[in-house]
Amino acid sequence: MDHYDFREAEPRWRKVWEERGTFRAVEARDRPKAYVLEMFPYPSGRIHMGHVRNYAMGDLVARYKRARGFNVLHPMGWDAFGLPAENAAMEQGVHPREWTLENIATMRRQLMSMGLSLDWSREITTCLPDYYRHQQKLFLDFLEAGLVDRRETWVNWDPVDLTVLANEQVIEGRGWRSGAPVEKRRLNQWVLRITAYADELTDALAGLERWPEKVRVMQTNWIGRSEGLKMLFEIAGMDRRLEVFTTRHDTIFGASFMALSPEHPLSAELADESPGLARFIEECRRTGTGEEAIERAEKKGFDTGLKVIHPFDGRELPVFVANFVLMDYGSGAIFGCPAHDQRDLEFANAYDLDVIPVVVPHGREPAGFAVTSEAFRGDGRLANSDFLDGLPVEEAKEAVASRMEADGTGKRTVNYRLRDWGVSRQRYWGCPIPVIHCAACGIVPVPEGDLPVRLPDDVDLERPGNPLDHHPRWKHAACPRCGAGALRDTDTLDTFVDSSWYFLRFCSPAAGEPVTREAIDYWMPVDQYIGGIEHAVLHLLYSRFFTRALRRCGYLDFDEPFSGLFTQGMVGHETYRLADGRYLEPKDVDKGGDGVIRAIASGEAVAVGRSEKMSKSRKNVVDPETIIRDFGADTARWFMLSDSPPDRGLEWTDSGIAGAHRFVQRVARLIVEAAGGLPPPGTPVPAASGPALLLRQTVHRTIDGITGDIERFHFNRAVARIHELANAIAEFETGTPGGLGVLREALEALVCLIGPMMPHLGEEMWRTLGHDTLLADTPWPEAERALALADTVTIPVQVNGRLRARLDMPRDAANDNVEAAALSEENVRRAIGERPVRKVIVVPNRIVNIVV
RNA sequence: GCGGACGUGGCGGAACCGGUAGACGCAGCGGACUUAAAAUCCGUUUCCCGCAAGGGAGUAGGGGUUCGACUCCCCUCGUCCGCACCA
């Protein structure tokens, strides 16, 4: 019989927390705060196991901080704009808003069933005018501050979703949602000037000590700062110069050609006169940055017939248009130095251009050094390079830069891979851009008093293209400046804008302005942010930029929104496939005891695949609602924390969840069976000796260990320690004097320690132990130092590094005593034999090693 | 190609700063309770030799530093992740 009926107890405790407003966050200037935040979900329909793991971890941290005396802010909201709502609208005939709000209702109910310590009074939903009106205000502020530009740029065009994508949303040449190969188009759109902060965003990463190194590296690489030289080449017979960016100006004497991007303005100009070049450019555009082009990596070019003049030796170098030169980076033109750049070498070999080695590896003679199929990219000394001969690479760079800066043909420059953030999306379900285009006045911001610019409800999503643009009336508006008829901007903002400041809005979710200073000053920055690694660049970089942009607009005065970041691993499950490759759901697979796995329906053999991220297409999804219904929220949460380190993947297993459930019942049984005989709560713990003292030591060591584990995000180790404590309690004989008092201490510690992980069970057991307070209001237990350190230690004794005996010694015994005890062990003496002892190493309380 | 992480029993994993490798859980095996099953409890479980005491091997593979290496260094292999023609 179960000792604990979670079906009855879990909802009951959630009601108590709700009625008492236990988790309502109220600013209290005299108390230290802790802002704990998990990345808010997109309301796709139902929560999945990834959410459960994310929120189980976040809630553990929030409840732990609360128990440690912090004033905790732990809010929840919905990242509610986005394309899936429009797709659902088309497939199911529902309005995107209805679809979204219904999903939110479902997912809110599901999250509530987890028993999270959330302040639901601060809930925000980005698709509601309450939220996006403030976002529109921020956009206008950015516009005024010069942080927004309208530009015609080459954009990534998703031909399936019919919208522009940010660079960050293009993965391997394909749209991050549609998976369709992305095309290049030139389009007028709004960009946020994130590049203005490229340096700051890179440099400040060093100060984010509580961020995973991996994420910092990824952001550094994404921003891609590189220091080099911008140089100008004269074009022979033309009164213009060609600008090139390079980081290898030391190799300038090795230059044997120039190459322009097919998208370079000069390429287009020359193509007007040359049908052959026009055809070549068209060919490049079609293969574009797509993956085929990269895979083949074949270097192709078109000789324009132009020549540039080498700035130092006056040679004439041919100018090509080449498929491997990117318009996006630097100036869209390069000088080719085949001997020291692999791509240039391949190109030179294909078009029979000179390969002039100018950097000779250390220890080699210039005379005997040639480059044929592999470019030399390492360090060395310059050769064949006039005034640079003999210099090491770095000094040669300096010399070239100084000389070119002096005569005005070059300038030291920093280049970034990062592009400005294009935020215009030709979609309906997003935040309208609060701008009016007037034929007479140009671009006119919507006056603040007219905000929000609301999305119209009646919209035709069936028609391909931009829904707001197609709307019969919505875009027509009077120009706020001259009153004449004008047009609203019919694009909406990238949904990543919505998530770039929501954490600020949580501080004062009902305020009449976007954010309020007092609330932000108290709560921000987020002390612990928790979410998936997939946002390592996108969301986290945008949010860091937004915080700086808000600083410039005077809304706040700090730079970094998240002082601590933790990225949790995904939840996976094995996959099951038939011979023909079709996937089967776990419930359609029979894992018979004989080790052979079959499809239940047909009896066919099933191949078991490794654990992969849960997804509908792989049919390896386990629905959290079912699990919570059958096993309870605490069991689900406990399992999410048990099996793997939090930053690694967790494999879902049926036996794992069953084991977690067994442990819930075991804890309940332990406490229910003991509770009747215990001294009342508040009774001082009696002086203990023997087994009772050992139990006390275990209790205090466990408290100490788990506290450290939680602080360091080692939740799986905390779980293991709780198991050990439960085992120690189960083995404890209460018959010894004072035993029951010690048992009470141990059980109370157990309950307090499981509280942040299994909060319903925790409350129920706290009550069972006779308390009429809430566990959620109970302080975290303190480990008594004297007890946490055992008074005897087991010291292994090695002979020549091999374990031969163990000694039980008093803690901090004198080295001489330990050595004597070790040498008198029979097994040790046998191992030493007749050989003389050469050396004895005693590490206090740790080990003895005898060297013979 | 570049950058990063990792490789430990049948499985997930533990081992903190270089000091008892395999904590804890899962699965397995043996037993108790039961008419039976479930649940629960007890024992056992890295491999090899041995009745045992004990001995030998062992943290992907090879080498090195050290009294002592899962941990540090070098090389090789493998897996995963990120970026990818970035001049």
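Bear in mind the structure is a predicted one, so any value in this text is a computation, not a measurement. Within every chain, numbering begins at 1; the chains are lettered A, B, ... in the order of the sequence lines, protein sequences first and strands thereafter.
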Side chain of [X] only, please: which of [options] is the nearest?
X	options	answer
Asn827(A)	U40(B), A87(B), G54(B)	G54(B)
Arg343(A)	G13(B), C86(B), C24(B)	C86(B)
Ser655(A)	A27(B), G56(B), A21(B)	A27(B)
Gln798(A)	G56(B), G19(B), C24(B)	G19(B)
Glu724(A)	C24(B), G12(B), A87(B)	C24(B)

Taking the [atom1] atom in each of [N] and [M], what is the distance between them to the nearest angstrom?
N	M	atom1	answer
G7(B)	U34(B)	P	48 Å
G4(B)	G22(B)	P	34 Å
G18(B)	C24(B)	C1'	24 Å
U45(B)	G30(B)	C1'	11 Å
A36(B)	A27(B)	P	24 Å
U8(B)	A52(B)	P	31 Å
U35(B)	C49(B)	P	42 Å
C85(B)	C75(B)	C1'	31 Å

Find the distance [X]:[atom1] to [N]:[atom2] and express it as a whole number of Å.
X	N	atom1	atom2	answer
Arg721(A)	C24(B)	CZ	P	12 Å
Tyr416(A)	A87(B)	OH	P	14 Å
Phe631(A)	A39(B)	CZ	C1'	14 Å
Arg648(A)	A14(B)	CZ	C1'	11 Å
His661(A)	G25(B)	NE2	P	18 Å
Leu725(A)	A23(B)	CG	P	18 Å
Glu534(A)	C80(B)	CD	C1'	16 Å
Asn727(A)	C24(B)	CG	C1'	8 Å

Exercise. With sugar-phosphate meaning primed atoms plus P, OP1 and OP2, does Arg712(A) contact a base, only sugar-phosphate, or nothing at under 4.0 Å between heavy atoms?
Worked result: nothing
Do the side chains of [X] and [Y] get close enough for a salt bridge, i.e. N-O under 4.0 angstrom?
X	Y	answer
Arg721(A)	Glu724(A)	no
Lys397(A)	Glu394(A)	yes
Asp5(A)	Arg7(A)	no

Problem set entry | Syn or anti for G9(B) (syn when the glycosidic angle lies within 90° of 0) | syn
For this session: Report the glycosidic orientation of C17(B): syn if within 90° of 0, anti in every other case.
Result: syn
Problem set entry | Identified pairing partner of A87(B), criterion: Watson-Crick or G-U wobble below 3.5 Å | none
Exercise. Between the side chains of Asn716(A) and Asp643(A), is a donor N or O closer than 3.5 angstrom to an acceptor N or O?
Worked result: no
For this session: Could you label the plane-to-plane angle of the Trp652(A) and Phe639(A) rings as parallel, tilted or perpendicular, counting under 30° as parallel and over 60° as perpendicular?
Result: perpendicular
Exercise. Considering only heavy atoms from C-beta outward, does the side chain of Val325(A) approach that of Phe347(A) to under 4.5 Å?
Worked result: no
